[in-house]
Amino acid sequence: MDNREIILGRALELWSQRGYDAVGVQEIVESAGITKPTMYHYFGSKRGLLDALIDERTEDLRNALAPAASYNGDLVATLESIVRGYFAFARENSALYRMLLAFWFAPADSDEYRAVAARNAAQHESLERLFEAAAKQHGNMRGRQKAYAATFLGMINTYAGLALNGHATLDDQLVYRATHQFMHGIFS
């Protein structure tokens with residue numbers, strides 16, 4: 001593993017355990033066994049390190065969700081595919097998922113919130129497009145795509161958070177239950 005990957009790994013480990021502000025550059029470089037100039041060479045700043053970490057380590061999630069969020073005429077199957085993608089990512093990247101959730105709820109003027117805000121907005125927009133497309137078949141959904149996107153992603157993140165803390169299992173049974181619970185709300 002090269003220095004760049006070691007730095008990214010140590011930053012993720014430290015930030016997911018203690019938060020962004022609680023961990024300084026010095027602690028990251030000492031943990032990685034490198035010097036500050038090496039870290040700055042690769043990332044330019046602590047915020048640059050954070051941006052690179054999030055961009056690079058969430059690429060698999062973005063790649064999995066792009067086709068999953070494309071409405072294919074079967075809303076239940078589409079939503080199950082999305083939930084399955086998020087759950088798989090959360091299982092395989094638990095420290096990162098925990099960190100992303102925590103940073104989403106950081107103060108709006110913080111670096112960590114700003115680092116995840118655009119990425120979260122992109123996820124919401126993708127889901128909004130999905131619900132807008134589905135509204136052509138499901139008229140009662142018309143005009144509600146923002147609320148549905150927020151509710152759906154909130155449900156996914158809540159279940160992921162429960163699982164990260166040992167209170168749920170992100171398996172196919174939960175994919176089914178969560179999707180159908182959400183769908184019941186749409187159609188009621």
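Every heavy atom of this structure was used, including side-chain atoms; hydrogens, water molecules and symmetry mates were not.
- Between Y40 and V25 the shortest side-chain heavy-atom distance falls below 4.5 Å.
- A 4.5 Å side-chain heavy-atom check between T38 and F43 finds every atom pair outside the cut-off.
- Side-chain N or O atoms of T179 include one that pairs as donor or acceptor with a backbone N or O of V175 at under 3.5 Å.
- Annotation for E128 and A149: closest pair CG-CB, 3.7 Å, computed over non-hydrogen atoms.
- No side-chain donor-acceptor contact under 3.5 Å links S126 to the backbone of A122.
- The side-chain heavy atoms of I7 and L49, taken from C-beta on, include a pair separated by under 4.5 Å.
- In this structure, CG in L12 is found 9.0 Å from CD in Q17, a value given to the nearest 0.5 Å.
- Note on I82: it does not cluster hydrophobically with Y176, by side-chain heavy-atom contacts below 4.5 Å among ILVMFWY residues.
- With hydrogens and angles ignored, the 3.5 Å screen pairs a side-chain donor or acceptor of N72 with a backbone N or O of D74.
- Looking at V83 and F152, their side chains come closer than 4.5 Å, going by heavy atoms from C-beta outward.
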Show, in sequence, the C-alpha distance, side-chain angles and deciding distance for Y86 and L170, and conclude whether the side-chain contact (heavy atoms from CB on, under 4.5 Å) test is met.
CA-CA 9 Å; Y86 274 102; L170 301 177; over 6 Å; no
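- Rounding to the nearest 0.5 Å gives a distance of 11.5 Å between CG of L127 and CD of Q145.
- A salt bridge is defined here as a Lys NZ or Arg NE, NH1 or NH2 lying under 4.0 Å from an Asp or Glu carboxylate O, and E5 with R57 meets this definition.
- Across all their heavy atoms, A68 and T78 have their closest contact at O-CG2, 3.3 Å.
- The nearest pair of heavy atoms linking Q26 to K36 is OE1-CE, 2.9 Å.
- Rounding to the nearest 0.5 angstrom, the gap separating the CD1 atom in I6 from the CE atom in M39 is 14.5 Å.
- Contact between I28 and V23 at its shortest, heavy atoms only, is CG1-CG1, 3.7 Å.
- Ion pairing between R114 and D109 fails under the 4.0 Å rule for side-chain N and carboxylate O.
- Using bins of under 30°, 30° to 60° and over 60° for the plane-to-plane angle, the ring pair F131/F182 lands in the tilted bin.
- Of the possible polar contacts, one joining the T151 side chain to the A147 backbone as a donor-acceptor pair under 3.5 Å is found.
- Residues H138 and N140 have side chains in contact (heavy-atom distance under 4.5 Å, counting atoms from C-beta outward).
- Looking at S110, its side chain does come within 3.5 Å of a backbone N or O of P107 through a donor-acceptor pair.
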For the pair L65 and F89, evaluate side-chain contact (heavy atoms from CB on, under 4.5 Å) and give the outcome as yes or no after the intermediate values.
CA-CA 10 Å; L65 293 179; F89 186 80; over 6 Å; no
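- To the nearest 0.5 Å, atom CG of residue L100 and atom CG of residue N157 are 9.0 Å apart.
- Taking 4.5 Å as the limit, some side-chain heavy atom of E59 sits within range of a side-chain heavy atom of N63.
- Y97 approaches A160 most closely through the heavy-atom pair CE2-CB, 3.5 Å.
- Atom CD in E112 sits 9.5 Å away from atom CH2 in W15 (nearest 0.5 Å).
- Checked by atom type and distance alone, the side chain of S94 never pairs as donor or acceptor with a backbone atom of A90 at under 3.5 Å.
- For the atom pair NZ (K146) and NE2 (H124), the distance works out to 10.0 Å, reported to the nearest 0.5 Å.
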Please walk me through it: do R98 and N165 pass side-chain contact (heavy atoms from CB on, under 4.5 Å)?
CA-CA 10 Å; R98 178 184 305 283; N165 289 314; 3.1 Å; yes
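- Residues R18 and E27 are in side-chain contact: their nearest non-hydrogen atoms beyond the backbone lie under 4.5 Å apart.
- Side-chain contact between N93 and T58: absent, with no pair of heavy atoms (C-beta onward) separated by less than 4.5 Å.
- Figure legend: cation-pi geometry between K46 and Y20, with NZ or CZ positioned under 6.0 Å from the six-membered ring centre and within 45° of its axis.
- Scanning both residues, L50 and M99, for their nearest heavy atoms gives CD1-CE, 4.4 Å.
- Salt-bridge annotation for E13 and R10: present, with a side-chain N of the basic residue lying under 4.0 Å from a carboxylate O of the acidic one.
- For the pair E132 and R144, the salt-bridge criterion is not met [side-chain N within less than 4.0 Å of a carboxylate O].
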